[in-house]
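Predicted model only: the values in this text are computed from it and were never measured. Convention: sequence-line order gives letters A, B, ...; per-chain numbering from 1.
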Amino acid sequence: MTVTHLPTEKILDLYTRMLRIRRFEEMVGKLFAQGQLPGFVHLYIGEEAVGAGVCAALRDDDYITSTHRGHGHVIAKGGDFNRMMAELFGRQTGYCKGKGGSMHIADFEIGMLGACGIVGGGLGVATGAGLSAWYRGTDQVSVAFFGDGAANEGSFHEALNLASTLKLPVIFVCENNQYGEFTPAIHAMNITDIAQRAAGYGIPGVIVDGTDALAVYPAAAAAVQRARQGHGPTLLEAKTHRRGGHAEGEIAFLAGQDYRLPEEVQAAAASDPVIRLHTYIVEQGLIPPPQLETLDQDITGSVAAAVEFARTSPEPEIASIYEDTWV
Amino acid sequence: MTVTHLPTEKILDLYTRMLRIRRFEEMVGKLFAQGQLPGFVHLYIGEEAVGAGVCAALRDDDYITSTHRGHGHVIAKGGDFNRMMAELFGRQTGYCKGKGGSMHIADFEIGMLGACGIVGGGLGVATGAGLSAWYRGTDQVSVAFFGDGAANEGSFHEALNLASTLKLPVIFVCENNQYGEFTPAIHAMNITDIAQRAAGYGIPGVIVDGTDALAVYPAAAAAVQRARQGHGPTLLEAKTHRRGGHAEGEIAFLAGQDYRLPEEVQAAAASDPVIRLHTYIVEQGLIPPPQLETLDQDITGSVAAAVEFARTSPEPEIASIYEDTWV
Amino acid sequence: MARKTYIAAINEALFEEMRRDPMVLLIGEDVRIGVFAGTRGLHKEFGDKRVLDTPISELAVAGAGVGAAATGLRPVVDLMFGTFLYLAFDQIANQAGAMRYMFGGQTRLPLVYMVQNGTGASAGHHHSQSVHQFFMNMPLIKVIMPATPYDVKGLLKAAIRDDNPVIFLNHLALGGQRGEVPDEEYLIPIGQGEIKRSGSHVTVCSVGLMVHHSLKAAKELEKEGIDVEVIDLRTLKPWDEALVLHSVAKTGRFVAVDEGHMVCGAASEWAATVAEKAFHDLKAPVKRVTSKPVPIPFSPKLEKAVVPSPEEIADAVRQVLGTRVPA
Amino acid sequence: MARKTYIAAINEALFEEMRRDPMVLLIGEDVRIGVFAGTRGLHKEFGDKRVLDTPISELAVAGAGVGAAATGLRPVVDLMFGTFLYLAFDQIANQAGAMRYMFGGQTRLPLVYMVQNGTGASAGHHHSQSVHQFFMNMPLIKVIMPATPYDVKGLLKAAIRDDNPVIFLNHLALGGQRGEVPDEEYLIPIGQGEIKRSGSHVTVCSVGLMVHHSLKAAKELEKEGIDVEVIDLRTLKPWDEALVLHSVAKTGRFVAVDEGHMVCGAASEWAATVAEKAFHDLKAPVKRVTSKPVPIPFSPKLEKAVVPSPEEIADAVRQVLGTRVPA
Ligand SMILES: Cc1ncc(C[n+]2csc(CCOP(=O)(O)OP(=O)(O)O)c2C)c(N)n1
Ligand SMILES: Cc1ncc(C[n+]2csc(CCOP(=O)(O)OP(=O)(O)O)c2C)c(N)n1
Ligand SMILES: [Mg+2]
Ligand SMILES: [Mg+2]
């Protein structure tokens with residue numbers, strides 16, 4: 001774990017964002033297993049330090065775009081449990097009125113321009129938001145989250161080159177969780193570090209331990225500062241793991257086929273970002289454990305309340321299929 | 001100019017391929033100016049050393065895919081003047097029976113899998129041809145020619161990564177002629193050497209003077225050998241210039257707007273690949289000038305004959321629009 | 001004869017064709033593990049060389065399929081979901097669908113792109129679209145979407161043996177559908193529709209999931225004394241116009257049911273053709289039933305409301321029979 | 001009022017809207033120099049910040065348009081040719097055409113994609129396709145293709161002011177077409193067709209170049225005493241159904257003329273709609289005239305033969321009038 005000189009307040013902020021993601025996602029996993037959630041669900045458990053570390057370096061008016069594994073990004077950017085959970089249930093009170101679902105949550109109020117079911121689909125959009133900030137002369141920045149698998153899509157290449165060429169305030173955050181679905185990242189490319197590709201666009205490529213929020217945050221902050229000051233994009237590669245499968249329910253779906261080595265699963269467990277930060281906080285005596293416990297209970301309570309909110313929310317009216325069409 | 005130990009025969013081979021391209025293209029330029037050719041025409045003049053140098057390193061059964069600027073590749077691979085010229089005229093006797101035209105010439109007999117009007121459109125196809133050679137267990141290789149502009153397309157990224165991941169016998173030849181249409185290459189990317197991108201795919205990136213056939217040939221031969229031996233792809237960047245415009249007729253089209261500095265035009269002239277190789281051959285006393293003169297006359301004669309062939313060839317029958325559809 | 005699932009039938013077809021012809025290979029995203037269960041087990045039998053996982057790079061993989069098919073292989077390219085073909089659209093339209101013609105018949109392209117099409121997973125817009133209409137518009141692409149285990153096996157085998165590019169669409173919602181599949185080998189000719197229920201009052205033409213919805217509607221209408229003929233086209237391009245026209249000659253009434261969007265969709269094609277060629281047989285206006293003109297919403301309730309239901313189909317039938325006043 | 005070319009009218013529209021609204025900017029390939037002459041001169045007036053050349057990266061540029069539009073800009077994205085939109089298909093279908101709906105109305109996307117559509121340059125298949133049908137199928141995309149200088153100016157201005165994504169298709173062959181363009185400002189409402197020639201015997205519905213071919217046919221038919229009504233839809237989506245149905249109510253006969261391919265094309269849509277909604281007005285079967293079902297060949301003779309000619313249109317009219325026995 002990085003030893004940090006960050007104020008305790010900031011560390012607590014990071015921890016809170018991560019724990020909010022963790023508890024939310026645990027509940028989502030449970031609800032899915034109970035058959036309560038429709039559709040495909042991809043959890044962010046194990047990757048919390050990336051979303052939290054990056055979003056803690058952002059302002060409310062900064063932009064992010066996300067992926068199919070997007071719950072963590074919404075929460076890290078300040079999203080609302082109730083509206084998220086309701087969306088996962090497909091309810092009228094959800095972020096997208098039940099039209100989006102797990103892979104398509106957005107919250108434009110907080111600059112969250114959308115999760116995306118298409119791998120690599122958000123990089124161009126984030127570049128455009130960066131273009132917009134640059135054009136309007138604000139110092140907003142834009143972040144594109146994406147996976148190791150997405151780094152092999154043409155959209156990755158085009159977006160990084162475009163943002164670099166126009167020197168736009170965009171930070172490309174690659175969450176390298178070592179797998180694209182069931183294919184190891186290293187079988188889908190002939191290099192070990194995706195950050196190496198940055199050189200091909202003339203931008204900095206930074207590698208960071210994506211299970212260490214205290215490492216992610218300063219790296220992100222540096223990239224954000226660079227972008228805000230008009231020096232253009234950064235490719236930030238966060239090495240991380242997903243604790244669970246690619247998607248919920250995959251064990252049954254794969255009919256017993258395995259694709260990860262037990263060592264890998266253990267390594268992921270050993271580097272659990274939430275536990276690591278918790279341990280650090282406690283070991284450094286930054287925050288009294290009871291306070292952390294209370295925080296956890298609060299969050300857990302909010303998640304439970306969100307489930308209640310979602311469950312008791314009405315289904316969307318059929319007539320709503322004709323709403324939100326043309327302006 | 002590279003000092004070479006190549007046998008004179010090989011040098012003559014290179015020179016012949018280049019001169020064949022040059023004389024053909026000069027004629028095409030003239031015909032276009034006279035309004036004799038329909039469609040868009042992009043000449044290869046100034047870039048001959050690349051096509052010739054690479055194709056001289058290939059066997060007849062190796063594959064190439066090409067671009068909108070494809071005449072030179074067809075000729076370098078051993079294509080037939082008559083069928084090419086007839087195609088440019090849109091005649092029945094053309095390579096594609098008049099259905100392809102300048103941007104869509106192919107000759108599958110000599111492994112020329114097609115020019116392509118879509119920038120970057122040939123890289124995936126070449127990768128597939130490499131896959132095919134690998135799968136069938138031949139030691140054929142596959143070459144994708146493309147421009148600096150194409151190096152910013154998603155297809156470039158995906159194809160290089162795919163070929164590298166599967167270790168396919170593909171050579172990616174980037175003809176960096178400094179411009180994509182009217183946009184300088186360096187305004188469309190934030191790096192100076194496209195070869196630098198090779199590292200992002202874990203493959204060698206080689207830069208070569210693309211106006212020097214004696215430099216291109218050995219670099220291509222090395223990449224071909226590597227591919228044939230099963231060591232996977234190479235990105236070969238040939239720095240070159242086009243002597244003319246992006247497309248024929250552009251001066252009128254652009255209504256007097258200029259986009260190149262006079263120095264650039266001069267530099268291109270000074271490094272004319274055909275003149276350079278001619279000078280080298282003469283200075284080194286490799287081939288008696290009269291023999292070179294005879295060669296030139298032969299080629300010029302063949303080009304003239306091709307024009308005659310094309311002109312006297314019949315237009316395709318209307319009924320042929322329904323041919324060459326489903327097998 | 002045994003009852004098997006749609007997915008199992010696909011799997012059998014792939015096994016049989018790969019055993020039969022060593023030039024058949026399978027490439028795509030997570031095809032080894034079989035993320036689309038239809039490809040499961042193939043890697044075990046056929047090994048690394050014939051079952052190739054690729055990076056997530058739809059454009060290059062689609063292009064590689066073209067290059068491989070043009071040089072002697074018979075690739076099956078699995079790109080998972082219909083919408084992912086959007087990323088490969090260029091290579092399908094401009095290469096696969098054009099190469100043979102554009103090059104004057106120099107090559108043939110025995111090539112299958114296999115994806116899942118349509119709604120049924122409540123996965124939101126990015127994983128729930130119907131894409132067949134786009135490829136139906138491309139002149140030299142064949143498009144197939146079977147509705148039963150029997151049909152999917154016989155047609156996939158035929159598609160693999162066909163020397164033209166085929167878009168093979170498995171319906172997302174039908175994977176678990178069971179039906180009789182003969183033990184002995186059989187093929188179903190591409191382009192041949194089938195009357196899935198014969199009737200005398202109205203012709204209902206559909207494909208994929210909509211065949212089942214139409215059959216449900218027919219069953220319901222039976223109670224009202226309405227005798228519906230349900231045609232399953234099975235192949236969308238080239239389609240069995242004769243079968244449809246023959247049926248309309250008998251019934252005098254036509255309802256086109258398609259899960260895609262209406263405008264420039266399959267239902268419009270069928271309706272237009274009937275109106276053009278069987279006008280004098282028609283006793284009532286043709287009628288289209290399609291998805292509502294909006295993206296596919298996530299909420300299961302809304303998704304269901306957007307897609308044609310058996311009730312809507314029944315209503316349309318009543319309407320063309322004049323037994324129900326249009327809304 | 002002065003006679004101006006179609007291209008000049010586009011140019012004027014861009015100048016006026018960029019002067020009017022500082023949030024309008026132009027991004028694309030070679031837009032500064034104006035490779036598509038409609039953008040010429042804008043860079044000189046509006047400078048680097050509002051007229052941005054991009055790398056050749058259609059997917060990311062299209063995505064950037066979405067991101068920019070979603071965050072306050074009103075971008076016009078010039079991607080040159082209709083077929084290049086294939087490379088951007090994902091971002092258009094899955095982002096531009098879906099975002100607002102999918103996210104429950106959280107954003108609006110004032111965004112214009114501008115390309116040239118159709119045949120006319122003898123440039124071969126990759127530069128000659130008609131692409132409008134693909135985008136017409138997408139529920140929340142508007143599609144426009146004007147046929148005259150007057151219409152192109154008024155509609156482009158309206159498209160730029162519209163808060164929905166618009167595919168704006170300039171017809172490739174009409175750039176030099178001259179017509180009256182008022183000096184004072186005007187807009188043409190999106191979705192409004194126009195009767196370009198009023199007549200009583202047959203309704204001919206078309207768009208783009210086909211409007212001119214239809215008018216030629218009408219002129220020819222006049223000599224035979226046949227009085228044709230020619231409708232120019234101008235906007236393909238949403239389209240002026242009422243105008244067409246009203247016309248058919250008068251004429252009782254309908255011919256749909258489209259330059260795209262027939263299957264799932266615009267003509268099928270119009271024909272199906274008329275057959276469905278104006279059946280009882282029809283005195284004869286509807287008739288479609290479209291391009292032949294093949295890629296667009298290069299040879300000017302073949303290209304012309306593939307696309308509907310005035311003669312074919314006239315023949316179709318005679319056919320629905322029963323004055324000519326169908327071939
Ligand atoms: C364009 C596209 N191709 C394929 C898929 C199917 N798919 C969904 S997630 C996924 C893996 C993505 O891997 P990565 O980018 O590493 O993200 P991770 O799931 O590891 O977070 C794939 C292939 C998709 N959704 N979109
Ligand atoms: C996908 C696509 N985008 C844009 C174009 C228009 N276009 C034709 S050639 C060209 C420039 C290509 O530059 P480069 O790859 O460097 O090749 P060069 O012309 O210099 O040989 C462009 C933009 C195209 N044909 N295809
Ligand atoms: Mg991953
Ligand atoms: Mg170039």
For chain C, the option from [options] that forms the most heavy-atom pairs under 4.5 Å:
options: B/G100, B/G124, B/G111; value: B/G124
options: B/L123, B/T165, B/D107, B/T127; value: B/D107
options: B/N161, B/I105, B/L162; value: B/L162

How are the rings of [X] and [Y] set to each other: parallel, tilted or perpendicular (split at 30° and 60°)?
X: C/W239; Y: C/W270; answer: tilted
X: C/F135; Y: C/F89; answer: tilted
X: B/F108; Y: C/F103; answer: tilted

Give, as side chain, backbone, both or neither, the part of [X] having an atom under 4.5 angstrom from any heavy atom of chain B.
X: C/L109; result: neither
X: C/Q95; result: side chain
X: C/I141; result: backbone
X: C/L52; result: side chain
X: C/D90; result: side chain
X: C/D162; result: neither
X: C/P139; result: backbone

Checklist entry - For the side chain of B/R136 and the backbone of C/G72, is there at least one donor-acceptor N/O pair under 3.5 Å apart? => result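 No; judged by distance alone, with no hydrogens or angles, the pair does not exist.
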
Checklist entry - Taking the six-membered ring of B/W326, is the NZ or CZ of C/K142 close enough (under 6.0 Å from the centre) and on axis enough (within 45°)? => result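 Yes, a cation-pi geometry.
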
Checklist entry - Between C/P22, C/A64, C/G65, which residue shows the highest count of heavy-atom pairs closer than 4.5 Å to chain B? => result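 It is C/A64.
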
Next on the checklist: Under 3.5 Å, is there a donor on one side chain and an acceptor on the other for B/H246 and B/R69?
Outcome noted: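 On atom types as modelled, these side chains qualify, holding a pair under 3.5 Å.
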
Next on the checklist: Report which part of B/A133 has an atom under 4.5 Å of a heavy atom belonging to chain C: side chain, backbone, both, or neither.
Outcome noted: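 When you check distances to chain C, no heavy atom of B/A133 falls under 4.5 Å.
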
Item to check | Which atoms of B/Y63 approach chain C - backbone, side chain, both or neither, heavy atom under 4.5 Å | outcome: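 Only the side chain of B/Y63 comes within 4.5 Å of chain C.
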
Checklist entry - Between B/Y44 and B/H71, is the gap from one ring center to the other below 6.0 Å? => result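 B/Y44 vs B/H71: aromatic centres not under 6.0 Å.
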
Checklist entry - Per the side chain to side chain contact (heavy atoms under 4.5 Å, CB included) rule, which among C/D48, C/L26, C/V31 passes with C/H43? => result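 The side chain to side chain contact (heavy atoms under 4.5 Å, CB included) with C/H43 is passed solely by C/D48 among C/D48, C/L26, C/V31.
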
Checklist entry - Step by step, would you call C/H132 with C/D258 a side chain to side chain contact (heavy atoms under 4.5 Å, CB included)? => result CA-CA 10 Å; C/H132 47 277; C/D258 183 46; 2.8 Å; yes

Item to check | Least distance between heavy atoms, B/I194 atom then B/N176 atom | outcome: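 Shortest heavy-atom contact: CD1-ND2, 3.7 Å.
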
Checklist entry - Mind checking which of residues 87-96 of chain B sit less than 4.5 Å from chain C, heavy atom to heavy atom? => result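 When heavy atoms of chain C are the reference, residues 87-96 of chain B contributes B/Y95, B/C96 within the under-4.5 Å range.
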
